[in-house]
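Sequence positions, counted from 1, serve as the residue numbers for this chain.
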Amino acid sequence: MDTFKLKIVSSSRVFFDGDCKCLVIPYIDGGEMAFLPHHENCVVPIETGEMRIKTEDGKETDAFVGDGFLEFLDNEAVLVCASAENPEDIDERRANEAKMRAEEELRQKLSRAEYIISKANLSRAMERLKIKNRHGISNQN
């Protein structure tokens, strides 16, 4: 079956490096974009959300992905993002704390820049919790 090379690089590590049958990423305005072998060459932005990877052996992996971009060129994709985490690696307590912190910041009078940062922090925390809860994995103490 046809595959394409996929490398996912987050700010802290190489999250994935191998052959892939399908990649679905969060796209602007809450949508998704899918990539299959021999997709046209392109560069696209990635929003914070859930990505899905189907590997050469048919294994499907869901993961959290932070903002970034994907370049698809000559049947090879490179995804560069702020963060990438498997559901079992998401620290639920930490994500809840980040959510509460961001919500508190939004209740205060903020400059426009601080408001945008707080909204982004809240969005990331909520996406992490959504993905963690969807997969039924809990690590709260």
Side-chain angles (χ1 to χ4, degrees), residues 1-108 110-141:
M1 177 149 222
D2 277 344
T3 61
F4 62 94
K5 295 283 184 196
L6 173 63
K7 187 171 190 173
I8 300 174
V9 181
S10 73
S11 60
S12 61
R13 66 185 172 129
V14 174
F15 179 79
F16 182 87
D17 191 2
D19 290 329
C20 181
K21 287 182 180 179
C22 180
L23 171 67
V24 179
I25 57 168
Y27 193 57
I28 53 177
D29 294 334
E32 294 182 327
M33 183 174 228
F35 292 85
L36 299 170
H38 310 291
H39 192 283
E40 70 179 343
N41 295 340
C42 62
V43 176
V44 296
I46 295 172
E47 289 204 340
T48 296
E50 186 171 17
M51 72 176 158
R52 296 185 305 281
I53 304 165
K54 187 171 185 179
T55 59
E56 181 179 31
D57 59 5
K59 180 183 172 199
E60 294 189 26
T61 302
D62 296 338
F64 168 83
V65 64
D67 293 338
F69 68 92
L70 178 132
E71 176 188 58
F72 201 102
L73 182 63
D74 297 330
N75 213 38
E76 292 186 15
V78 177
L79 189 156
V80 178
C81 56
S83 59
E85 299 171 77
N86 288 311
E88 61 271 13
D89 296 332
I90 296 171
D91 186 333
E92 192 172 0
R93 181 187 54 78
R94 190 171 147 236
N96 272 315
E97 289 172 357
K99 178 180 177 268
M100 288 187 300
R101 218 175 16 257
E103 287 171 338
E104 177 58 34
E105 289 171 358
L106 289 172
R107 284 191 280 272
Q108 300 172 15
L110 303 172
S111 69
R112 181 76 175 140
E114 290 169 327
Y115 176 81
I116 291 168
I117 291 168
S118 293
K119 286 288 282 185
N121 290 340
L122 179 60
S123 175
R124 278 191 300 277
M126 291 178 70
E127 282 295 327
R128 280 187 171 98
L129 290 169
K130 180 175 78 175
I131 292 165
K132 183 82 170 179
N133 291 333
R134 181 179 300 136
H135 293 278
I137 301 166
S138 180
N139 62 354
Q140 275 190 329
N141 294 333

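The line from CZ of Arg128 to CD of Glu92 is 13.0 Å long, rounded to the nearest 0.5 Å. Atoms SG and CZ, from Cys22 and Arg52 in turn, are 7.5 Å apart once rounded to the nearest 0.5 Å. For the atom pair CD1 of Ile90 and CZ of Arg93, the computed distance is 14.5 Å after rounding to the nearest 0.5 Å. The line from CD1 of Ile53 to CD1 of Ile25 is 11.0 Å long, rounded to the nearest 0.5 Å. Distance check: Arg94 CZ to Asn96 CG gives 12.0 Å after rounding to the nearest 0.5 Å. For the atom pair CD (Glu60) and OG1 (Thr55), the distance works out to 8.5 Å, reported to the nearest 0.5 Å.
Other residues, nucleotides and ligands place no more than 12 heavy atoms under 6.0 Å from the CE atom of Met126.
Note: Phe35 and Phe72 have parallel aromatic rings, judged against thresholds of 30 and 60 degrees for the angle between ring planes.
A pairwise comparison of heavy atoms in Ile8 and Ala84 identifies CG2-CB, 4.4 Å as the closest pair. The two atoms that bring Lys132 and Glu88 nearest to each other are NZ-O, 3.7 Å, heavy atoms only. For the residue pair Ala63 and Pro87, the shortest heavy atom distance occurs at CA-CD, 4.3 Å. Listed here is the closest heavy atom pair of Ser11 and Ala82: OG-O, 2.7 Å. In this structure, Glu127 and Gly49 approach most closely via the heavy-atom pair OE1-CA, 3.4 Å.
A side-chain contact (heavy atoms from CB on, under 4.5 Å) with Phe4 is found for one member of Asp74, Asp19, Leu23 and no other, namely Leu23.
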Please test Asn75 against Lys5 for side chain to side chain contact (heavy atoms under 4.5 Å, CB included), starting from the C-alpha separation and ending with a verdict. CA-CA 7 Å; Asn75 213 38; Lys5 295 283 184 196; over 6 Å; no

Please test Glu104 against Arg107 for salt bridge (Lys or Arg N to Asp or Glu O under 4.0 Å), starting from the C-alpha separation and ending with a verdict. CA-CA 5 Å; Glu104 177 58 34; Arg107 284 191 280 272; 3.2 Å; yes

Apply side chain to side chain contact (heavy atoms under 4.5 Å, CB included) to the pair Phe15 and Leu79, showing each step before the final yes or no. CA-CA 10 Å; Phe15 179 79; Leu79 189 156; over 6 Å; no

Decide side chain to side chain contact (heavy atoms under 4.5 Å, CB included) for Ile131 and Asp62; before the verdict, give the C-alpha distance in whole Å, the side-chain angles of both, and the deciding distance to 0.1 Å. CA-CA 8 Å; Ile131 292 165; Asp62 296 338; 5.7 Å; no

For Glu114 and Gln108, what are the C-alpha separation, side-chain angles and deciding distance, and is it a side chain to side chain contact (heavy atoms under 4.5 Å, CB included)? CA-CA 10 Å; Glu114 290 169 327; Gln108 300 172 15; over 6 Å; no

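Side chains of Arg124 and Asn121: a donor-acceptor N/O pair is present below 3.5 angstrom, by distance only.
A 4.5 Å side-chain heavy-atom check between Pro37 and Lys21 finds every atom pair outside the cut-off. Side-chain contact between Pro45 and Tyr27: present, with at least one pair of heavy atoms (C-beta onward) separated by less than 4.5 Å. Taking 4.5 Å as the limit, some side-chain heavy atom of Leu122 sits within range of a side-chain heavy atom of Leu106.
Between Glu105 and Arg101 there is no salt bridge, since no side-chain N of the basic residue sits under 4.0 Å from a carboxylate O of the acidic one.
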